[in-house]
Structure formats: C-alpha cells, structure tokens
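A, B, ... follow the sequence lines: proteins, then strands. Residue 1 opens every chain. Given the structure is predicted, the values throughout are model-derived calculations rather than measurements.
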Number of protein chains: 2
Amino acid sequence: MHTLQRRAVLSLTAAGASLLTAACAGTRPDAAPDEAGPDAAALLRGTGDLGVVIERAQGALTVVSTTERRAIGRVPGLGDLSHASVVFSRDARYAYVFGRDGAATRVDLLTRRITHRVMQAGNSIGGAISDDGSLVVAQNYTPGGIKVLDAATLELLADVPAAMPGGERSRVVGLADLPQRRFIYSLFDAGAICIADCSNPRQPRVTTLPDIGKQPYDALLSPDGRTYIAGLFGEDGLAMVDMWAPRLQVRRILGGYGRGEQPLPVYKMPHLRGWAIAGRHAYLPAVGRREVLVVDTTTWEEVGRIPVAGQPVFVMARPDGRQVWVNFAVPDYHRVQVIDTPSRQVVATLEPGKAVLHMEFTPRGEAVWISCRDSNLVQVYDTHTLQPQASLAVDAPSGIFFTARAQRMGF
Amino acid sequence: MHTLQRRAVLSLTAAGASLLTAACAGTRPDAAPDEAGPDAAALLRGTGDLGVVIERAQGALTVVSTTERRAIGRVPGLGDLSHASVVFSRDARYAYVFGRDGAATRVDLLTRRITHRVMQAGNSIGGAISDDGSLVVAQNYTPGGIKVLDAATLELLADVPAAMPGGERSRVVGLADLPQRRFIYSLFDAGAICIADCSNPRQPRVTTLPDIGKQPYDALLSPDGRTYIAGLFGEDGLAMVDMWAPRLQVRRILGGYGRGEQPLPVYKMPHLRGWAIAGRHAYLPAVGRREVLVVDTTTWEEVGRIPVAGQPVFVMARPDGRQVWVNFAVPDYHRVQVIDTPSRQVVATLEPGKAVLHMEFTPRGEAVWISCRDSNLVQVYDTHTLQPQASLAVDAPSGIFFTARAQRMGF
C-alpha cells in the first residue's frame with residue numbers, strides 16, 4: 001500500500017475539523033531555560049538565518065540558527081507531525097506549521113511561543129503563503145479541499161472543497177503559491193489541476209484544468225513561477241502547465257520514462273518542489289525506479305537519467321545548481337548521493353546516519369543540513385568539501401525548513 | 001568627463017585611509033523618538049522584510065519595512081554617501097554600508113545604531129560579503145585595491161593592493177562574492193579580472209586574468225555564481241569568465257554592439273549586477289545608447305535590442321524574470337520603463353518623480369521601490385497592476401537595499 005493510500009486510511013480515524021482556541025501563547029509546559037524568560041533584549045536577533053526542524057515523534061519544533069549551527073530553542077505542543085510542512089511569514093519571524101492531524105499553528109521564532117493554532121481539517125498535507133504574506137492556505141485530504149486563512153490570526157476566510165462529479169471530494173496535493181494571491185494545486189483523486197484566485201480571500205475564484213492524468217501525487221513550481229509540474233503516480237509521465245501562456249492548458253511530458261512499464265513497488269512517495277530545477281535542467285525522481293531523470297526545461301524532454309543508490313525521495317539542487325543531492329526510500333535511506341550537474345556523475349555517497357528523511361540547503365548553498373531520524377541527529381555538511389561541520393542532537397528529526405523560504409515562490 | 005574620471009579627480013581631495021573608533025554605538029545626535037529608548041520588546045521583530053534607503057545628501061539611512069511600507073527608523077552619521085552600497089549579514093540584522101569617502105559602517109537594523117565604523121580607504125565604490133558571512137570586502141579607488149575586514153568587528157584582516165606593472169595602483173570595480181570565501185573583481189585601469197581566495201583571510205591568494213579589454217567599469221555575477229561579466233567602457237563588448245570551467249579564461253562577448261562606433265557622450269555609467277539575468281536571457285544596458293541589449297546566456301550572443309527612453313542606468317529583472325524595469329541617465333531620469341520579457345516590448349512608461357536613481361524589488365517581486373531624489377520620495381508600485389501602493393518621504397533618496405540580498409550570491 002503506497003503512502004497516499006495509507007494516509008487515506010489513517011485519516012478515517014481523525015476527528016472532523018474543529019476550531020481550537022486562537023491564542024495559545026504561554027502554554028509551553030516543557031520550555032527550555034533559554035525560552036522561559038520574557039527578556040526581550042536576549043531575544044533580539046535577526047531572523048534571516050533561522051530555521052526549524054520537525055521532531056516528528058514529539059510533535060515539537062527545534063528552532064535552529066544556521067550561523068551558530070546549533071539549536072536556540074524548542075516549541076512543543078504541535079500535535080501530530082508525522083507528516084508536516086512549514087512556510088514562513090515575509091518578515092521571517094513566524095513559522096506556519098501544517099500537521100498531519102489538520103492543525104495549522106503559527107509559531108514565533110523569536111519568543112519560541114505558539115501565537116495561534118487552529119484545527120482546520122481532519123487530515124492535512126501542507127500549506128503555502130501568498131506572495132504578499134497576507135494569506136496562508138492549507139491543502140487537505142480530509143475533508144478534501146483547501147482552506148484559506150488570515151496569516152495574522154489564522155481566522156478561516158474561505159473553505160474551498162475539491163468536489164468531484166459524484167459528490168465526493170478529492171484529496172489535494174502539490175499546493176504552491178502564485179503571484180497576486182493565487183494558489184495552484186492538484187487533485188489526487190480527480191486528476192485535475194486547480195488555480196484559486198484569492199485576491200478576494202473570502203470569495204476565491206477557482207479555475208480547474210481537468211484530465212491531467214491519473215493520481216497526481218505532488219507537484220513543483222519552477223523558481224520563476226512560470227511552470228507548474230505535477231508528478232503522476234497512476235501512470236507514466238507528468239503534467240505541465242505554462243502559467244505565462246495566454247490560455248492555460250495542460251501538456252503531458254516524459255510519457256515513456258518507465259513508471260508504468262513494470263509494476264515496481266514504491267516504498268515512499270517522492271517529493272517535488274522548485275528545488276528540482278538547476279539552470280537549464282530539471283532533476284526529477286523516477287517513481288519506483290533507482291534513477292534520477294534529467295529533463296531539458298526548454299523542450300521538457302528527457303535528456304538523460306542518472307543511476308542512483310535507491311528509489312529517490314528528495315532530489316534537490318544546491319541553490320547554485322552545481323550539485324544535486326539525493327536521498328532514498330527504505331531500504332537505502334542511510335545514504336545520500338551527490339550528483340555533479342555538468343558531468344551528470346554521482347561524485348560522492350555519504351552515510352550521515354540512519355533513516356535520512358530530509359535535507360535543506362542554506363540559502364547561498366555553502367552548507368546542507370540532513371535529518372537522520374533513527375540516529376536522532378541533524379548532520380551539517382560543507383557542500384564544497386563534503387566534510388561534516390556540525391552535528392545536532394534532535395529527537396527523531398524529519399523536515400528541515402529555513403526562513404529563506406519566505407523569499408521564494410513555490411516553497 | 002565620465003563618472004569614473006570625475007570620481008578619480010574627486011578622490012584626490014580625500015584624506016588617506018585611517019582607522020576610526022571601532023564602536024560608535026550610542027552616538028546618534030538626531031535619533032528619532034522611536035529609536036531612542038532601549039525598550040527591546042518594542043524592537044523585537046523579524047528582519048526578513050527590512051531594508052535601507054540611502055539619504056545621499058544627509059549621509060544617513062532610512063530603515064524601512066516592506067510589509068508595512070513605511071520608514072521604521074533612521075540612522076545618521078554615515079559620512080559621504082554620494083555613492084554608496086550596502087550588503088547584509090546572513091542573519092539579516094546588520095547592514096554594512098560602504099561610503100564614497102572610504103568608510104565602512106556596520107549598522108544594527110533592530111536598534112538603529114552604528115555598532116562599528118572604520119575609514120578603510122580614501123575613496124571607495126562598494127563592498128561584498130562572503131558566502132559564510134564571516135568576511136566583508138571593500139573595493140576601493142584610492143588606494144586602489146581591496147580590503148578584507150572581519151564582518152563581526154570590521155577589523156582589517158588583509159590589504160590587497162591592485163598593483164600595476166609600473167607601480168601605480170588600479171581602481172577596483174565590479175566586486176562580487178564567490179563560494180568558499182572567494183571574491184572576484186575587475187581593475188579599471190589595468191584591464192584585468194582578479195579572484196581573491198580569502199579562505200585564509202589574513203593571507204588572500206590572488207589569481208589575475210589579464211588583457212580582458214579596456215576600462216572594465218562594473219560587472220555582474222549570474223545568480224548561480226557561474227558567470228562573471230565585466231562591462232567595458234573603453235571599447236565595444238564585455239569580458240566573460242565561466243567560473244565552473246576547469247581552467248579560468250576570459251572570453252569577449254558582444255564585440256560589435258556599437259559602444260565604439262560613435263563617440264557618444266555617456267551621461268552616467270550604467271550599473272551591472274545579477275539582476276540582469278532573467279531566465280535564458282541577460283538584459284544589459286548599452287553604454288551610451290538608448291537601448292537594452294538582449295543576450296542569449298547559452299551562446300552569449302546578442303539576440304535582440306530594445307529601444308528605450310534614454311541611456312539605461314539600471315536594467316533590472318523582476319525576481320521572476322517576467323518583467324525588466326529600466327531607469328535612465330539625465331536628461332531622461334524622470335522616467336521608468338517596463339519591458340515584458342516574452343514579447344520584448346516596452347509595456348509601460350512611468351513617471352514616478354524627479355531624478356529616479358534606483359529601484360529595488362521585494363524578494364518575491366510583487367512590488368518595486370523607486371527612489372526619486374529630487375522629489376524627496378520613494379515610490380512603491382505593485383508590479384502586476386503598475387499602480388502606486390505607497391509613497392515615503394525620504395531626503396534625497398538614492399540606493400535602496402532589502403535584506404533578502406543576504407540570501408543571494410553576487411549582491
């Protein structure tokens with residue numbers, strides 16, 4: 001049973017969406033000493049080099065500084081973070097945490113307190129923030145659809161169901177922000193791509209592009225916001241939309257890459273995001289295959305594939321595009337491989353720890369942080385020398401998110 | 001007499017480099033009310049949406065919030081800012097201000113205080129910060145060369161003269177950071193490009209590429225850090241280096257674009273920087289001509305030119321590359337033009353105020369801030385609707401710099 005199916009089963013046990021109290025500041029039962037005091041002078045700092053690490057078992061965040069390469073605080077009380085994603089306010093002070101259980105939580109990175117928290121759905125898969133920072137949107141499995149929330153208060157502004165012809169709802173995946181308070185996402189069960197214009201946030205207008213292919217499982221927006229690509233789980237290929245075209249239409253790409261040629265087991269769904277694009281090429285995980293696909297972003301045709309050590313989960317370009325780092329599904333998830341993009345060769349295989357779940361580059365790419373869940377470690381590497389720089393003890397770390405994401409589209 | 005020549009004359013009147021006191025915190029004779037108190041709680045804020053505007057006549061900074069679209073404070077006492085540039089610490093808390101008079105000043109954006117200030121040269125043209133945030137480097141006209149400073153203290157770590165064969169020194173232009181604490185710059189008087197490896201900051205190792213062409217006047221590093229391009233004032237064309245090549249060498253590009261075909265007067269030197277690159281093309285100001293050159297970044301050949309309303313000074317791509325905004329030298333500097341990149345057409349001509357000197361996009365490109373020196377205004381526009389969003393009263397504003405630059409190479 002692949003991850004999306006398992007998630008759907010799990011979601012049946014979740015309670016329906018409900019609104020919790022909106023202001024939870026102060027409820028921090030196990031606050032660490034450095035978080036306890038209201039000594040604002042001690043908390044005064046820049047936020048451009050901060051980040052958070054998800055503690056997936058504890059339902060907590062570890063707040064980190066990429067300059068000091070250490071944890072500076074911890075925020076518990078975030079619920080089920082077995083799958084979690086984070087976006088940041090445009091001032092890089094607040095993290096919006098979207099938990100598996102449908103909670104959306106706004107965390108102040110400076111005071112390390114929860115400022116607002118709502119249960120916006122029963123089963124959620126992530127969120128996004130509008131270009132102007134005024135709206136956050138959650139993408140939900142149960143009930144299938146998106147919710148538009150006020151970024152300052154988490155007040156619900158609009159509920160947009162992902163309705164299908166029969167009346168059921170589709171799960172939503174692949175959410176990304178577009179300019180002018182618009183959002184784009186895909187419908188796993190309906191095989192469609194939707195664009196929600198939230199310029200009037202209480203009355204979003206939704207445009208639906210149908211028949212994109214079977215089971216879009218995740219998607220990416222190119223760093224310039226021009227190209228949206230949804231990966232398909234149910235068949236070969238991906239679905240692409242040029243957002244700059246006068247008339248929006250879906251184009252199928254990479255139709256024969258091999259997803260469908262054999263019934264390969266898939267041990268973990270790969271993730272897509274704008275980090276796949278490096279210069280003129282996109283580097284995409286081949287679902288079910290031990291390969292990275294290299295795609296020309298002019299023609300959107302495959303121009304190569306790179307054999308790797310396992311089924312790729314995250315295929316992430318260093319910000320300068322000179323390297324692509326890859327981690328893998330079980331049973332190969334103790335390894336990370338580094339691809340040199342000009343030569344398309346794997347130039348290094350690292351073993352940072354047990355159960356590597358995620359990686360995040362510092363904004364200028366000089367370092368990468370890698371979460372090793374079963375080693376309870378976050379490992380920091382110099383991306384040029386490939387030497388370890390630091391090691392942080394974190395309980396069952398999964399996602400790592402740095403505040404520089406606030407400055408980017410599609411993150 | 002073009003600007004560089006005029007600057008060289010002016011520099012003769014400047015005093016030699018000298019070290020001032022290193023800690024000037026508290027010396028703020030005309031601090032505004034909101035800067036005066038040590039109330040740290042009131043100062044607690046994220047720094048991802050901050051920026052500074054140079055008050056060129058007053059020698060001061062106006063500190064702004066791009067979320068609130070207003071000034072949040074002011075920092076005087078910065079000396080001669082008739083030409084000034086700014087880089088930011090990687091936590092986005094501190095601005096490093098490089099003044100025309102050779103001063104380097106570190107300003108705390110949260111407390112709006114000067115923390116450190118040194119006279120590092122007699123005549124300076126800007127600075128850069130290393131990828132790891134540990135070093136700042138100034139590029140100087142007098143004495144010609146670069147100075148390497150500790151980013152935390154502004155202590156001088158190394159003085160690297162730009163020596164020429166005859167013993168004189170060359171003025172330095174076009175400084176940019178490269179990965180691994182390296183910096184690249186051009187020698188106006190020597191016609192050379194230098195790379196200083198400051199991984200051992202007290203003993204930089206300099207590699208010089210000679211014979212690049214006459215009078216490089218400024219340069220850009222592509223956003224991926226791969227391509228360095230120096231514009232030439234003394235002849236047609238530009239000099240390019242591929243930083244990823246196994247052996248560094250200079251290639252001449254755009255040799256016949258027309259700089260040299262007629263002795264056109266140049267009213268203001270254009271500025272180059274990574275913002276010139278939008279997707280697959282670079283948009284470059286044609287020195288002395290009322291044109292923007294469009295260059296294919298694969299072949300580095302000209303593929304078009306766009307007639308504009310005057311001699312372009314800044315030619316800046318919106319972060320998504322969909323638009324390029326252009327301002328102009330006197331007498332056309334009351335206008336700003338907007339180019340739509342897919343069609344290469346000028347789609348709008350704005351008149352934001354008198355003497356438009358600079359523009360800066362918010363990191364995700366939804367807004368642009370434009371300084372109008374002789375109107376004493378900074379105008380903020382929505383880049384999609386082209387409608388004004390805000391107007392800030394600032395005394396003789398010139399350069400505008402947002403903290404998101406901290407997250408980028410070559411800025």
Is it the side chain or the backbone of D177(B) that comes within 4.5 Å of chain A heavy atoms, both, or neither?
side chain
Does any backbone or side-chain atom of L44(B) lie under 4.5 Å from a heavy atom of chain A? Answer side chain, backbone, both or neither.
both
Whether the R70(A) and S65(A) side chains hold a donor-acceptor pair (N or O, under 3.5 Å, no angle test) is what I'd like checked.
no
Can you tell me which of L50(B), T385(B), L110(B), D132(B) forms the most heavy-atom pairs within a distance under 4.5 Å of chain A?
L110(B)
Most heavy-atom pairs under 4.5 Å with chain B, out of D224(A), D382(A), L109(A), belong to D224(A)
In terms of side-chain heavy atoms, does S130(B) have a donor or acceptor partner in R364(A) at a distance below 3.5 Å?
no
T297(A) versus chain B, heavy atoms under 4.5 Å apart: side chain, backbone, both or neither?
both
Pair R247(B)-Q249(B), side-chain donor/acceptor within less than 3.5 Å:
yes
Under a 3.5 Å threshold, yes or no: a donor from one side chain and an acceptor from the other, between R322(B) and T341(B)?
no
Taking atom types as modelled and ignoring hydrogens, do the side chains of R205(B) and S199(B) form a donor-acceptor contact shorter than 3.5 angstrom?
no
Considering only heavy atoms, which portion of T298(B) lies under 4.5 Å from any heavy atom of chain A: side chain, backbone, both, or neither?
both
Using heavy-atom distances under 4.5 Å, tell me whether T403(B) contacts chain A through its side chain, its backbone, both, or neither.
neither
Toward chain A, the part of S222(B) with a non-hydrogen atom under 4.5 Å:
neither
For the pair R45(B) and D91(A), evaluate salt bridge (charged side-chain N to carboxylate O under 4.0 Å, His left out) and give the outcome as yes or no after the intermediate values.
CA-CA 8 Å; R45(B) 65 183 303 148; D91(A) 63 358; over 6 Å; no
Pick one of side chain, backbone, both or neither for R408(A), based on which atoms fall under 4.5 Å of a heavy atom in chain B.
backbone
Do R318(A) and T383(A) meet the criterion of a side-chain donor-acceptor pair at a distance under 3.5 Å?
yes
Comparing E366(B), Q407(B), R93(B) against chain A, the one with the most heavy-atom pairs below 4.5 Å turns out to be Q407(B)
